[in-house]
There are 2 protein chains.
Amino acid sequence: MTAVGPRAREGGARGPRGTAPQGYDPHAFEPFAVTVDLAVFTVREGVLHALLIRRGQEPYAGAWALPGGFVLPRESTELAARRELAEETGLPDDLVAGLHLEQLRTYSEPDRDPRMRVVSVAYTALVPDLPEPHGGGDAAHAEWVALGGCGQLAFDHAEILADARERIGAKLEYTCLATSFCPPEFTLGELQQVYETVWGTVLDRPNFRRKVLATPGFVEQVAGASRLTGGRGKPAALHRAGPATALHPPLLRPEGRQT
Amino acid sequence: MTAVGPRAREGGARGPRGTAPQGYDPHAFEPFAVTVDLAVFTVREGVLHALLIRRGQEPYAGAWALPGGFVLPRESTELAARRELAEETGLPDDLVAGLHLEQLRTYSEPDRDPRMRVVSVAYTALVPDLPEPHGGGDAAHAEWVALGGCGQLAFDHAEILADARERIGAKLEYTCLATSFCPPEFTLGELQQVYETVWGTVLDRPNFRRKVLATPGFVEQVAGASRLTGGRGKPAALHRAGPATALHPPLLRPEGRQT
DNA sequence: CGCCTTTATAGTCACAGTGACCATTAAGGG
DNA sequence: CCCTTAATGGTCACTGTGACTATAAAGGCG
């Protein structure tokens, strides 16, 4: 048994799982604020963009920040993330409602917010390229910002964004998540560009095709439909996302290929 | 813009990132308790065990629960996890200090603790098979419990434990983490048993050998050392963990092999 | 002692998946 | 009509892996 913080359970803030039989006072200990932060990505013209909000006040006034906010007393963090996304960004309601939100991780460094103790649960989401987000409301000052072109981010949001990007890249390897970046109907070339953009690599087109089509349930061809890509060339067949969610075997990044 | 909770930022609890210029009162909103929970695993006699604590009081008195506790005002969650692990379990100090703690995810359902709002950040760790943990202190009533043999767990800890196990299984596929389950020097047979136990499958021994030895930096042979396994048979060469952390290409579970 | 069992270690072989290519098809533009 | 462009279709060699066989080195036992 170590002596690290041996009295932690014996102060005024007797915890829910403490060993003492008496009750406890929820207001007796210093409060933690619990927030959510959202790293929402899209692929736009071959560049990965994140949905960011320009801060209007100190600290970090003028800097970009991730959308997010406080978790309400009766909300789960995922619900809070969805609510904040709808409130703070102009993303269409139906898109927000059906969005796949993935919990990234929780950031809890004591001084990550200079004003008070804030523990933040970060979520990641992928959306197809859309018209500008700030559709309606007053608070909708969110914009798509190209990664790398966003200067210094507020708080530890640069770290969150970097972690989110890494996670996305890894997820593309072994899940069908890439289709989330695409509109309902897309060409295989567009799907390939998602991979190339997120990974920052170039893929061989025939091999990519072969791999995607060989994975059952990844994409389904839309019968008879085709579309010209870039104005010239043979029209590409249109596909939609299939029912599969996992990729077996995985589609590994070229970098991950060292032997 | 949706109407979901549009007044969330305009109540008495003005948040750190709210748009209004005035300050805010940290005590004005209902407090959240932030805790950590630990899912610590070991492999013992071919069975996966978790380090659990028998609850002495309501709710869930008498049930097993994950070790864990409150995050202190100036602690990160990872530090809190390490401190709680040292306090609540009898694990040796040096082991706790050097342990690789991985953040699993955060559990935030409003009613996951019937007494108050508790948001809990779960961590996972792997340790080699050790003598019984409750070495010293008073609060050290932790025990290794075989998975499946622990009845109903307190709170949502069964869900956390299941998530942790799934994460561990996935991590074995593409990281060198399995050596964390082994003592400093181990045989390849012991390493293989780690995989078999966590995955619940049987692996072909020569193929497993080939794969592990072909991955540079996964294990290093201890020159000249060998040990008998189980009393009979040819003594096995001893190995120790190498400097590598990732497995390229991954060592996939037999189930993940569908094509 | 020789022979069994047991466990580790070495090697073989066929096949699936993939990277690197090359070829063909179908569109628009001069 | 021929160029370019992009999608699509196919080949080929190599790597990694699953299944399997063979050998080596220990203890147990008659």
Side-chain angles (χ1 to χ4, degrees), chain A residues 46 172-174 182 185-196 199 201-216 218-239 246-259, chain B residues 46 172-174 182 185-196 199 201-216 218-239 246-259:
Chain A
L172 289 197
E173 289 192 331
Y174 58 95
C182 298
E185 296 192 344
F186 52 88
T187 69
L188 291 186
E190 290 166 349
L191 185 64
Q192 182 177 347
Q193 204 184 38
V194 167
Y195 278 90
E196 293 180 334
W199 288 348
T201 60
V202 176
L203 301 175
D204 180 81
R205 201 182 276 265
N207 290 342
F208 179 81
R209 265 185 85 71
R210 188 215 301 160
K211 174 73 185 174
V212 170
L213 294 177
T215 304
F218 191 2
V219 298
E220 296 169 348
Q221 189 161 355
V222 179
S226 64
R227 185 182 5 132
L228 267 92
T229 331
R232 271 202 290 279
K234 181 176 177 177
L238 287 177
H239 298 256
L247 244 49
H248 278 294
L251 178 48
L252 296 175
R253 290 179 260 207
E255 284 78 354
R257 258 295 125 144
Q258 69 241 26
T259 301
Chain B
L172 289 198
E173 289 192 330
Y174 57 95
C182 297
E185 297 192 341
F186 53 88
T187 69
L188 292 187
E190 289 166 350
L191 186 64
Q192 181 178 346
Q193 203 184 37
V194 167
Y195 278 90
E196 292 181 332
W199 288 349
T201 61
V202 176
L203 301 175
D204 180 81
R205 200 181 277 266
N207 290 342
F208 180 81
R209 264 184 86 72
R210 187 216 300 161
K211 176 70 185 176
V212 170
L213 295 177
T215 303
F218 190 2
V219 298
E220 296 169 348
Q221 190 162 352
V222 179
S226 65
R227 182 178 15 129
L228 267 92
T229 331
R232 271 201 291 279
K234 183 176 176 177
L238 287 177
H239 298 256
L247 244 49
H248 277 295
L251 178 50
L252 297 176
R253 289 179 261 207
E255 285 77 354
R257 260 292 124 149
Q258 68 242 26
T259 303

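- Protein atom CD of B/Glu190 is 13 Å distant from nucleotide atom P of C/dT7, rounded to whole Å.
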*Go through A/Gln221 and A/Leu238 one step at a time and tell me if the side-chain contact (heavy atoms from CB on, under 4.5 Å) criterion holds.*
CA-CA 6 Å; A/Gln221 189 161 355; A/Leu238 287 177; over 6 Å; no
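- In this structure, CG on B/Leu213 lies 6.0 Å from NE2 on B/His239, to the nearest 0.5 angstrom.
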N/O contacts under 3.5 Å, protein versus nucleotides 9-12 of chain D?
| residue | atom | partner | partner atom | Å |
| --- | --- | --- | --- | --- |
| D/dG9 | OP2 | A/Arg209 | NH2 | 3.1 |

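- Here C/dA26 is the nucleotide among C/dA26, C/dT18, C/dT9 with the atom lying nearest to any side-chain atom of A/Pro235.
- At least one side-chain heavy atom of A/Leu251 sits less than 4.5 Å from a side-chain heavy atom of A/Phe208.
- Between the NZ atom of B/Lys234 and the P atom of C/dC4 there is a distance of 20 Å, rounded to whole Å.
- Atom CG in A/Leu188 sits roughly 20 Å away from atom P in C/dT25 (whole-Å rounding).
- In this structure, NE2 on A/His248 lies 13.0 Å from CZ on A/Phe218, to the nearest 0.5 angstrom.
- Whole-Å rounding puts the A/Leu252 CG to C/dG19 P distance at 8 Å.
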*For side-chain contact (heavy atoms from CB on, under 4.5 Å), just list the numbers for A/Leu247 and A/Glu173, CA-CA rounded to whole Å, side-chain angles, deciding distance to a tenth of an Å, and then say yes or no.*
CA-CA 8 Å; A/Leu247 244 49; A/Glu173 289 192 331; over 6 Å; no
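- OP1 or OP2 of C/dT18 sits under 4.0 Å from a side-chain N or O of A/Lys211.
- Within the 4.0 Å cut-off from OP1 or OP2 of D/dA6, not a single side-chain nitrogen or oxygen of A/Arg205 is found.
- Among the protein residues, A/Ala214 comes within range of no part of the nucleic acid, since none of its heavy atoms lies under 4.0 Å from any strand.
- One atom, CD of B/Gln221, and another, C1' of C/dT9, lie 11 Å apart when rounded to the nearest Å.
- For the pair B/Thr229 and C/dA8, the criterion of a side-chain N or O lying under 4.0 Å from OP1 or OP2 is met.
- For the side-chain hydrogen bond (donor to acceptor under 3.5 Å, both in side chains) with A/Asn207, the qualifying choice from A/Arg210, A/Lys211, A/Arg205 is A/Arg210, the only one to do so.
- Between atom OG1 of residue B/Thr201 and atom CZ of residue B/Arg253 there is a gap of 9.0 Å, rounded to the nearest 0.5 Å.
- Rounded to an integer number of Å, the gap from B/Leu251 CG to D/dT15 P is 20 Å.
- Toward the 5' end of DNA chain D, the nearer of the two residues A/Ala237 and B/Arg232, judged by each one's closest nucleotide, is A/Ala237.
- Straight-line distance from the CG atom of A/Leu238 to the C1' atom of C/dA27: 15 Å, rounded to whole Å.
- If you take CG of B/Leu228 and C1' of C/dT9, they are 15 Å apart, rounded to a whole angstrom.
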